[in-house]
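Below: the structure, in structure tokens.
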Amino acid sequence: MTMDGFPAYRGDLRYHCLECKCIYPGNELHYTCPQCRGVFLLQDHNFSELKKTSGAKWRDVFDRRAAGKMTQMRGIFRFYELIAPVVDQEDVVYLGEGNTPVIESSPKLQRLVGRKTAFKNDGQNPSASFKDRGMACAFSYLKQLVKRNNWEQVLTICASTGDTSASAALYAAYVDGPVKSVVLLPQGKVTSQQLSQPLGSGAAVIELPGVFDDCMRVVEYLADNYRVALLNSKNPWRILGQESYAFELAQWSNWDMAGRCVFVPIGNAGNITAVMNGFLKLKKLKIIQDLPRIFGVQSIHADPVYRYYRQAPRQRNYAPVEVSPSVAQAAMIGNPVSFPRVRELAARYQEEQGEDAFNVVHVQEQQIIESMLLANQNGHIACTQGGECLAGLLQAKDQGLVAADEYCILDATAHALKFSGFQEMYFSGSFPPGYEIIPRQEYINQPQSVLSEEDRNRLGREEFTRAAVDEMVRILGLQGN
Ligand SMILES: *Cc1c(COP(=O)(O)O)cnc(C)c1O
Ligand SMILES: [Zn+2]
């Protein structure tokens, strides 16, 4: 093992189908299982080699790399051996992803919540969501595949209305060359805000009449019949990259996850899959002794995973749900593609650390938006899904699921700015009824106008300034000195 240079270790990654149990070599481009369409997890068949190094030694290696200066190892590939140890140094794509801070909540917020809390700010990734972790891995792998196979062109494609397309378009624009990016969006179902990121990155943006699911069927057909790389979260290379969230959190916590709970929003369930798989890997290598407890959080408007785990263990029945409008829009999914992965990993997780190591709670829309507002009014930069995590913690606490001394880390999966439209709807009282949100005065914040355009035209500059000062003194109740 190299301590300071680029890692010498190479893994033997293979696609494992979670349905029919088929295995495919990792140097082929697969999206889902060619036999049965099941989802894959990538497994390193050389993993036992990594076990020959002690946990203490691994901790030391990762800590040294954190202080190192090699560009390729500044992001998710600090944990190269655990992520995609097949990628050559020259193919690592790094745009500043990963390494996001864990920000402890202010004393006031912790008092209000009644638990020790912190947010891990994944909105501080380059395209402002955690999706960049997965894209950095998927694009590094793709770059290498193109090189090895001398492909003249490969098209990356995804169906999305939000963060996946923003991230995919950004990384594709940077890698360029034979890699071209296409984003397929449901026509009229995206705001100009959601459109601006892939358009700004220069991706080809195609609109189709219908909804997200119509777009999804088209891109999956393309992936089955043409050489296109699908970047939706069924892509198992994305899952590997997203495991870096768990590795970073463990490192930030000085490799001690005992007494810690991690709250993760569940949409398509790729992220919670990655977080659990990441912690499981760390434990297998004895890098951590204890797994943190995991809490998946869903809105009652999109809660198929919650409904599954609510049932008695031996009688569980999975059924997709019809979604209703949700402010946690990035998680508004009725039939999560990674559900088989969650079932598999939650079982392994509970086997390792006990029944209560994996939980799913669901929360009201009103709780989600107000938790986001509460967090941000106390100095955080949480998106609505981050708010969903805080709402999930309050819910879990009420149900007696979190002990008084447990430390709760909440995943703020995107930057607050991406979802400012929902904040605006709350402040202006303009939520359509489907959201079931009734704004309450204590959370509303609106600009106050002083003076008018007519005052400005009428008064001289000095008088106008004095009049504005008088107004502000009145509003703010200022005392002269
Ligand atoms: C994609 C996304 C989610 C949902 O993650 P899944 O992996 O689909 O469960 C949550 N929050 C944000 C901001 C996202 O972009
Ligand atoms: Zn299969």
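As the structure lists them, so they are numbered: ligands from 1, and atoms in each ligand from 1.
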Short side-chain donor-acceptor distance under 3.5 Å, [Y] and [X]:
X	Y	result
H301	E436	yes
E97	Y171	yes
H362	S299	no
N268	S338	no

Notebook entry, point to check: Can you list the steps and then say if D12 with H45 is a side-chain hydrogen bond (donor to acceptor under 3.5 Å, both in side chains)?
Noted result: CA-CA 5 Å; D12 174 13; H45 285 236; 5.0 Å; no
Check: What is the total of protein N/O/S atoms that are closer to the Zn ion (ligand 2) than 2.8 Å?
Finding: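 Protein N, O or S neighbours of the Zn ion (ligand 2) under 2.8 Å, waters not counted, come to 4.
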Next item on the list: Would you check ligand 1 and list the protein residues that come within less than 4.0 Å of it by any heavy atom, ordered by chain and number?
Entry: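 Residues F130, K131, D163, I266, G267, N268, A269, G270, N271, A330, Q385, T413, A414 each place a heavy atom under 4.0 Å from ligand 1, listed by chain and number.
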Next item on the list: To the nearest 0.5 Å, tell me how far D122 CG sits from T100 OG1.
Entry: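 Spacing of CG (D122) from OG1 (T100) equals 4.0 Å.
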Next item on the list: Apply the test side-chain hydrogen bond (donor to acceptor under 3.5 Å, both in side chains) to residues Y15 and E28: give CA-CA distance (whole Å), side-chain angles for both, the deciding distance (0.1 Å), then the verdict.
Entry: CA-CA 9 Å; Y15 297 91; E28 298 172 359; over 6 Å; no
Note to self: Can you list everything that forms a side-chain hydrogen bond (donor to acceptor under 3.5 Å, both in side chains) with R227? Sequence neighbours excluded, please.
What the structure shows: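 Here no residue qualifies.
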Note to self: The criterion is side-chain hydrogen bond (donor to acceptor under 3.5 Å, both in side chains); which residues satisfy it with N235, sequence neighbours excluded?
What the structure shows: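 side-chain hydrogen bond (donor to acceptor under 3.5 Å, both in side chains) check on N235 returns nothing, list empty.
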